[in-house]
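Following: one structure in structure tokens, then a few remarks.
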Amino acid sequence: MTVLLIGGLFLFLLLGIPVAFAMLLTSIIYLLVHGNIPLIVVAQQVSVGTDKYLLLAIPFFFLAAELMGTGGIIARMVRFATLVVGPVRGGLGHMNVLANMIMAGMSGSAVADAAGIGKLAIEIMRRGGYDLGFAAAITGAASTIGPIIPPSIPMVIYGGIAGVSVGRLFLGGIVPGILMGIFLMVAVHRIAVRRGYPKEPWVGLRAVLVEFWRSLPVLVLPVIILGGILSGVFTPTESSVVAAAYAFLVGTFLLRQLSLRDVGPILVKVATETGRLMLIVASGTLFAWILAREAVPQALAQAFLSVSREPWAVLLMINVLLLLLGCIMDAVAILVVLVPVLTPLTGAVGIDPVHFGLVMVLNLMIGLITPPVGMVMFVIMSITGIPVEVFAREALPFIIALICVLMLITYVPSLVLFVPNLVMGGG
Amino acid sequence: MRPAPRWLALIDRVADGLLAASLLVAVTCILVQVVCRYGFGRPITWLDELAVLDFAWLIFLGAAVAQRTDSHVAMDTLVQALPDRPRRVLYLLRCAAMLAVLGLLFAKGIELTSRMASIDYPAMGISRGFLYAALPTTIPLFAYYLVSSARRALDGRRA
């Protein structure tokens with residue numbers, strides 16, 4: 001029966017049936033074959049999958065990102081980052097990484113960051129004399145920092161399913177996110193030296209400080225979001241709404257780029273995006289429920305544990321499994337279906353759920369830029385029009401850099417757990 | 001190809017309007033909640049319930065509208081590589097499969113709504129049926145957009 005479930009799902013995905021429907025269709029066929037479970041659970045699980053207060057943060061984080069793009073906040077971040085890191089070799093490549101790191105503190109979605117920063121940053125790099133493939137690859141790779149540095153939509157989903165504190169998960173992402181930035185910059189540096197990419201002129205400390213001062217209203221947003229959640233003032237859902245409201249105010253009154261006329265189309269776009277993503281979450285809820293009924297989590301745990309009971313080996317196996325799955329499947333679907341399958345296993349060998357959450361989310365973010373299926377890769381390809389093999393070739397060094405970070409946080413858990421334990425106590 | 005009748009364009013506009021409104025309602029609920037809790041120290045419990053109920057409608061309406069541009073996440077790299085004819089046949093099969101799923105969700109959604117109608121939300125005091133009704137109510141719109149996609153493919157206008 002398990003073979004039928006997994007095989008059916010992949011067959012339908014291969015035939016091009018949308019992810020949500022592939023999961024629904026497989027589930028329905030399973031229920032028909034099984035015969036003893038009334039089909040009403042289909043409607044019930046799908047409806048219940050949406051009935052979660054925490055997940056309300058998802059449309060609000062999307063909304064904040066969209067308002068920041070239209071409101072000129074992204075343009076300001078790109079300009080600020082250019083002034084700061086532009087003057088080193090391959091400066092605009094570093095600018096791309098830094099702008100994504102700053103944006104990551106306000107947005108929680110890699111796809112939204114790739115679309116928002118991508119258009120602007122790629123155009124600037126192209127005009128600055130960089131290869132289009134390089135610009136595309138670094139934009140895609142850097143956007144994966146978005147959901148690691150808090151806030152983060154995938155971590156909200158993980159926290160909701162695994163029952164782990166979203167505040168802890170958010171804090172756990174700070175160090176790994178900075179590491180990703182550093183490793184990507186090292187990769188950019190090596191390529192820039194080899195290819196002789198240019199430097200941007202240094203404008204002087206004064207000009208940088210002026211730009212910093214001007215950007216300050218934007219730069220405090222991450223502090224509001226994180227501070228609000230951690231001090232217990234806001235729930236994650238509330239903080240996401242406050243972020244959206246703040247982005248709206250800054251875009252409208254401070255940067256004066258946003259008008260009320262823009263808001264209608266933005267609302268429709270964000271709600272459509274939410275419908276698309278949450279339909280996968282809702283359908284995945286049903287599919288995960290069926291996997292649990294078939295005792296797949298126990299079977300998988302047994303298979304893994306029969307190889308080794310060592311946490312490091314279990315983590316290695318899970319990482320390889322997720323990297324492979326991430327190449328061919330949608331990250332959100334993997335998250336919804338596999339978190340309930342994997343967490344009993346990792347719990348059994350004593351892996352901290354916050355640590356595992358970071359490992360899993362970072363792993364799946366790498367899947368966003370690996371061919372043949374990667375949502376960020378698709379966004380970048382549609383912006384630049386470059387073919388998949390060029391993207392894959394240019395992205396390879398960055399993918400390797402990100403896998404190094406993944407290995408680092410997998411085997412040095414304190415890189416993840418130090419900050420949440422420091423701020424929120426416990427261990 | 002005749003231009004689409006006016007009332008068909010109206011469907012799009014009403015759907016967009018309702019969708020935007022549903023997001024605005026959710027934002028307003030949570031913002032008012034923030035103000036009430038920290039401004040006045042008195043949270044209004046039914047606001048959170050209303051926001052989550054509204055969220056369900058937002059999701060299923062948004063999913064239906066996403067079908068208008070046929071933009072549901074699919075792994076169709078392989079299918080895209082096929083020659084024109086088999087690709088179009090596969091696309092029509094895909095639409096048929098989706099339509100079958102929608103039909104089942106519609107029927108079971110109605111059944112579920114009537115079964116849950118007697119259970120109330122604790123704070124709002126209204127029927128939980130309003131939550132379960134979101135799925136079957138929005139499915140006709142989803143199906144309409146799906147059939148439009150299929151017809152476009154039949155006409156050969158979808159490259």
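In what follows, every heavy atom counts, from backbone to side chain, and hydrogens, waters and symmetry copies are set aside. Order of the sequence lines fixes the chain letters, A, B, ..., with proteins taken first and strands second; residue numbering starts at 1 for each chain. Since this is a predicted model, take the numbers as computed values, not measurements.
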Heavy-atom distance under 4.5 Å to chain A: side chain of [X], backbone, both or neither?
X      : answer
B:L31  : both
B:L135 : side chain
B:T113 : neither
B:R115 : side chain

Checking [X] against chain B: side chain, backbone, both or neither under 4.5 Å from a heavy atom?
X      : answer
A:I28  : side chain
A:V332 : neither
A:I266 : neither
A:A271 : both
A:L55  : both
A:F12  : neither

Side-chain heavy-atom pair A:M278, B:F55 within 4.5 angstrom cut-off: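 They are in side-chain contact.
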Side-chain heavy atoms of B:L104 within contact of A:L24, under 4.5 Å: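 No. Closest side-chain heavy atoms not under 4.5 Å.
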When B:L23, B:V79, B:L78 are compared by non-hydrogen pairs under 4.5 Å with chain A, the top option: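 Among B:L23, B:V79, B:L78, the one with the most close pairs to chain A is B:L23.
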N/O donor-acceptor pair under 3.5 Å between B:R94 side chain and A:I17 backbone: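 Such a contact is absent between B:R94 side chain and A:I17 backbone.
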Closest non-hydrogen atom pair, B:A20 against A:G264: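 Heavy atoms only, the tightest pair is CB-O, 4.5 Å.
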side-chain contact (heavy atoms from CB on, under 4.5 Å) partners of B:M116, counting only residues at least two apart: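 So B:M116 forms a side-chain contact (heavy atoms from CB on, under 4.5 Å) with B:L112, B:I119, B:Y132.
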Point-to-point distance, once rounded to the nearest 0.5 Å, from CG of B:L131 to CG of A:D51: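 Going from CG on B:L131 over to CG on A:D51, the span is 5.0 Å.
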Interatomic distance, A:S47 atom OG to B:K108 atom NZ [nearest 0.5 angstrom]: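 A:S47 OG to B:K108 NZ: 13.5 Å, rounded to 0.5 Å.
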Of all pairs that satisfy salt bridge (charged side-chain N to carboxylate O under 4.0 Å, His left out), the ones with a partner from residues 260-278 of chain A, not counting sequence neighbours: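 Output for this query lists A:E66-A:K269.
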Contact listing (chain A partner; residues 33-42 of chain B; heavy atom under 4.5 Å):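 The list, in residue order, reads B:Q33, B:V34, B:R37, B:Y38.
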Set of residues satisfying side chain to side chain donor-acceptor pair (under 3.5 Å) with respect to A:T235, sequence neighbours excluded: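 Scan of A:T235 (side chain to side chain donor-acceptor pair (under 3.5 Å), adjacent residues dropped) gives A:Y53.
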Full working for side chain to side chain contact (heavy atoms under 4.5 Å, CB included) between B:V52 and A:K52: CA-CA 7 Å; B:V52 177; A:K52 306 239 161 59; over 6 Å; no
